[in-house]
Amino acid sequence: MAESADAADVAFRVGYESASQFSREYTRMFGAPPKADVRQLKEKYDYAMSE
């Protein structure tokens, strides 16, 4: 999150050759696509920092 990497960058960094395969498997495992989780984490971080 600190580096603002997109799902494709993360997929390749952890060994996937296909960003779409990473996204499908991530969604299956965690119940939401990577983009949705990143958005939610950023919202929580922004809220915590504003208090």
Side-chain angles (χ1 to χ4, degrees):
M1 211 169 81
E3 295 180 22
S4 301
D6 63 14
D9 290 335
V10 173
F12 295 122
R13 287 182 186 187
V14 297
Y16 282 84
E17 293 183 19
S18 164
S20 60
Q21 181 66 28
F22 169 77
S23 186
R24 281 193 300 273
E25 291 186 18
Y26 184 99
T27 301
R28 242 183 263 135
M29 181 170 276
F30 298 107
K35 187 179 278 189
D37 278 351
V38 169
R39 182 175 37 250
Q40 183 180 22
L41 287 170
K42 284 183 178 180
E43 287 172 2
K44 285 182 182 180
Y45 177 80
D46 289 343
Y47 177 76
M49 295 305 290
S50 69
E51 290 188 326

Kindly write out the residues that satisfy side-chain hydrogen bond (donor to acceptor under 3.5 Å, both in side chains) with [X], not counting sequence neighbours, or none if the list is empty.
| X | answer |
| --- | --- |
| Arg39 | none |
| Ser18 | Ser20 |
| Gln21 | Arg24, Glu25 |

Exercise. Between the main-chain N or O of Ala19 and the side-chain N or O of Ser23, is there a donor-acceptor pair closer than 3.5 Å?
Worked result: no

Exercise. Quick one: side-chain contact (heavy atoms from CB on, under 4.5 Å) partners of Phe30, sequence neighbours excluded?
Worked result: Tyr26, Asp37

Problem set entry | Val38-Val14 co-clustered via ILVMFWY side chain contacts under 4.5 Å | no

Problem set entry | Connected-component partners of Tyr47 among ILVMFWY, side-chain separation under 4.5 Å | none

Problem set entry | Heavy-atom pair with the smallest gap, counting every atom of Pro34 and Thr27 | CD-OG1, 4.2 Å

